Protein chains: 2
Amino acid sequence: MEAKHTLCLVNPALEVIAGKWKTTILLILLFEGTKRFSELNNAIPLITKKMLTSQLRELEDQDIILREVYPVVPPKVEYSLTEYGRTLEPILHLMHDWGSAHVSHMANKPNGRDFVEMM
Amino acid sequence: MEAKHTLCLVNPALEVIAGKWKTTILLILLFEGTKRFSELNNAIPLITKKMLTSQLRELEDQDIILREVYPVVPPKVEYSLTEYGRTLEPILHLMHDWGSAHVSHMANKPNGRDFVEMM
DNA sequence: CCGAATCCCTTCTGATACTG
DNA sequence: CAGTATCAGAAGGGATTCGG
């Protein structure tokens with residue numbers, strides 16, 4: 001357990017937010033609060049139910065979001081950020097700011113390489 | 001374009017740092033400065049040359065690192081962070097701090113789920 | 001409405017061997 | 001030393017179907 005182990009503690013954070021749709025889900029829950037499964041699905045049109053389910057499960061397993069099932073018909077399931085999940089907010093904000101600058105940065109490059117693919 | 005486009009500006013940042021080994025490479029270059037290919041390879045024992053090459057290429061294409069080739073024998077190639085690459089430092093630091101807390105957080109959970117896999 | 005289960009294709013990653 | 005080439009297995013992600 002030497003110095004390099006302190007280095008790679010960036011990766012746990014990455015694993016939490018680095019799913020293909022996780023940041024999008026997190027930002028929606030962060031800015032708009034509790035959402036139902038179908039609301040998330042509508043808010044992210046390109047995602048499949050399978051992907052949405054798997055991303056939500058992983059976030060739930062990591063204590064980032066809370067899943068609440070209401071035993072009614074038709075079924076109703078709500079997702080929200082946990083207190084712990086909200087601790088990601090500063091990181092998401094920083095990444096958002098850097099991302100904005102990065103898009104401009106790359107746009108100004110002579111060899112306009114593959115551009116950001118919006119959702 | 002509406003609000004959701006401002007939301008997904010987190011993803012560009014993610015794409016830059018989310019390669020399997022990119023944060024590790026970036027942290028080494030950040031903390032220890034310029035490194036040769038073989039030095040990086042030794043510092044990250046589990047990485048293959050193929051992976052190291054591809055991760056370095058991607059970071060170079062995105063202006064995050066600088067690749068300098070010295071026309072000598074045997075070949076010598078040095079990698080370092082660009083000025084622009086250094087702007088990632090705050091994000092990496094935040095992620096490192098959050099990652100440390102996260103490891104403790106998950107360790108305290110009753111169902112000790114899959115733990116962080118150290119390099 | 002909220003998923004789980006299955007199939008299938010693409011991409012990613014590792015192992016190994018070779019080169020200027 | 002610093003890569004490239006090739007191949008094969010693993011993993012990721014989409015489309016579709018089915019169920020409580």
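Since the structure is predicted, the reported quantities are computational estimates derived from the model, not experimental observations. In what follows, chains are A, B, ... by sequence order, proteins preceding strands, each numbered from 1.
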Residue-phosphate contact under 4.0 Å: B/Y79 side-chain N/O, D/dG3 OP1/OP2: yes

Compute the angle between the rotation axes at the two ends of the helix from C/dC1-D/dG20 to C/dG20-D/dC1, each taken over five pairs, rounded to 10 degrees. 50°

Could you state the atom-to-atom distance from CD of B/E78 to P of D/dA2 in whole Å? 9 Å

For A/Y70, does the six-membered ring have the charged nitrogen or CZ of A/K76 within the cation-pi criterion, i.e. under 6.0 angstrom from the centroid and within 45° of the normal? yes

Give one of base, sugar-phosphate or nothing for A/P75, where a contact means two heavy atoms less than 4.0 Å apart. base

With respect to the phosphate group of D/dA2, does any side-chain polar atom (N or O) of B/R67 fall under 4.0 Å of OP1 or OP2? no

What is the distance from NZ of A/K35 to C1' of C/dG3, rounded to the nearest Å? 20 Å

Could you check whether any side-chain heavy atom of A/T48 comes within less than 4.5 Å of a side-chain heavy atom of A/M51, counting everything from C-beta outward? yes

For C/dG3, take OP1 and OP2 only and decide whether either is under 4.0 Å from a side-chain N or O of A/T53. no

Could you tell me how far apart A/M51 (CE) and C/dC9 (C1') are, to the nearest whole angstrom? 15 Å

Distance test, side-chain N/O of B/R36 to OP1/OP2 of D/dA2, below 4.0 Å: yes

Looking at B/K20, does any N or O in its side chain come under 4.0 Å of the phosphate oxygens OP1/OP2 on D/dA10? no

Can you tell me if B/T48 touches the phosphate of C/dT13, counting only side-chain N or O atoms and a distance under 4.0 Å to OP1 or OP2? no

Heavy-atom distance under 4.5 Å between the side chains of A/E60 and A/L66, does that happen here? no

Could you work out which one of C/dG3, D/dC1, C/dC1 sits closest to the side chain of A/P74? C/dC1

If I take atom NZ in residue A/K50 and atom P in nucleotide C/dC7, what distance separates them, rounded to the nearest angstrom? 12 Å

What is the distance from atom CD of B/E89 to atom NE2 of B/H96, rounded to the nearest 0.5 Å? 12.5 Å

Contact class for B/K49 vs. all strands (heavy atom < 4.0 Å): base, sugar-phosphate, or nothing? base

Any Lys/Arg nitrogen of B/E78 or B/R67 sitting under 4.0 Å from an Asp/Glu carboxylate oxygen of the other? no

Should the pair A/Y84 and B/H105 be assigned to parallel (<30°), tilted (30 to 60°) or perpendicular (>60°) ring geometry? parallel

Around atom CD of B/E68, are there more than 12 heavy atoms of other residues, nucleotides or ligands at under 6.0 Å? yes

What verdict does the side-chain contact (heavy atoms from CB on, under 4.5 Å) test give for A/L92 and A/L27, after you've listed the backbone C-alpha separation in whole Å, the side-chain angles of each residue and the deciding distance to 0.1 Å? CA-CA 8 Å; A/L92 295 173; A/L27 287 169; 4.2 Å; yes

What integer distance in Å separates B/N41:CG from C/dG14:C1'? 14 Å

Take the protein atom CG of B/N42 and the nucleotide atom P of D/dG3, then report the distance between them rounded to whole Å. 14 Å

To the nearest angstrom, the NZ-C1' distance between B/K76 and D/dC1 comes to 12 Å

Nearest-angstrom distance from the residue atom CZ of B/F37 to P of D/dT4: 8 Å

Quick check for you: among C/dA4, D/dG14, C/dC2, whose closest atom lies nearest to any side-chain atom of A/S38? C/dC2

